[in-house]
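Okay, structure first, notes after.
Both ligands and their constituent atoms are indexed starting at 1 by order of listing. Counting begins at 1 with the first residue of the sequence.
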Amino acid sequence: MVTATFRFYEELNDFLAPERRGHEFASACARAASTKHMIEALGVPHTEVELVLVNGESVGFDRILHDGDRVAVYPKFEALDITPLLRVRERPLREMRFVADAHLGGLAHLLRMTGFDTLYDNAFRDEEIERIAAAEQRIVLTRDRELLKRRTITHGCYVRALRSSEQIRELFDRLDLARSARPFTLCLHCNTPLDAVDKAQVAARLPPGVRDRYERFSTCPACKRVFWEGSHWQSMRAMVEKLLIPCPACGGG
Ligand SMILES: [Zn+2]
């Protein structure tokens, strides 16, 4: 029988049984269990984990546990540079692209608004999300931790907040998205990059009040919708500007 001791740090404790939070504890491990196997058996989706140390040394998810091993498990770090220690994944995804589960439509909409390619369909089933994530190297967004335990999902985020306005803030802080945001470049309906167009090209399709008041327009090449900087755009703009300012609690102060 193999017994290892485990210590989970920071918000990873949320996933543990209450009596295991915040301190080291011993757990029996299945024969030839890997770090990933045991971390998930204890309730923590592997996508939430950024660094695993066994006996003080950085290891991958495939490290087999031996009797007496001491395992320390850390979440994604926002501010600390731990790149030299990273072993659990080959490399971070170069581009932040997402697939949101069926319950996160509001968040998907806000991600598109800030320019992040996000697939979402409220008919997506778990298998489909898993397939899309692997095929297109997308980060899975969900509040379902079982989904994040699926084998082929390598990059995922367990979203803690319940309201979409708080969820987008959470993701911006956690994944440091402000730097790569490109607000109002994607179609909110179908996730397609927008094209700027001359007013003359779309004038015939605009309501008269809009035609008189606005000068800048863009269109979606997929769904053909036309966008302009109306009152809805202005309230979105105010929200996006707030997101682009780092949260004072998380910024490197
Ligand atoms: Zn569109």
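Summarising the local packing, CZ of Arg70 is surrounded by 12 or fewer heavy atoms from other residues, nucleotides or ligands at distances under 6.0 Å. Within 6.0 Å of NE2 on His66 lie more than 12 heavy atoms contributed by other residues, nucleotides or ligands. By the 6.0 Å contact criterion, CZ on Arg125 is open, its count of non-hydrogen atoms from other residues, nucleotides or ligands being 12 or less. At most 12 heavy atoms of other shown residues, nucleotides or ligands fall within 6.0 angstrom of atom CZ in Arg216.
Listed by chain and number, the protein N, O or S atoms at a distance under 2.8 Å from the Zn ion (ligand 1) are Cys187 SG, Cys190 SG, Cys220 SG, Cys223 SG.
The heavy-atom pair separating Arg20 from Ser27 by the smallest distance is NH2-OG, 4.5 Å.
Both Phe8 and Phe15 belong to a single network of hydrophobic side chains, linked directly or stepwise wherever heavy atoms of I, L, V, M, F, W or Y lie under 4.5 Å apart.
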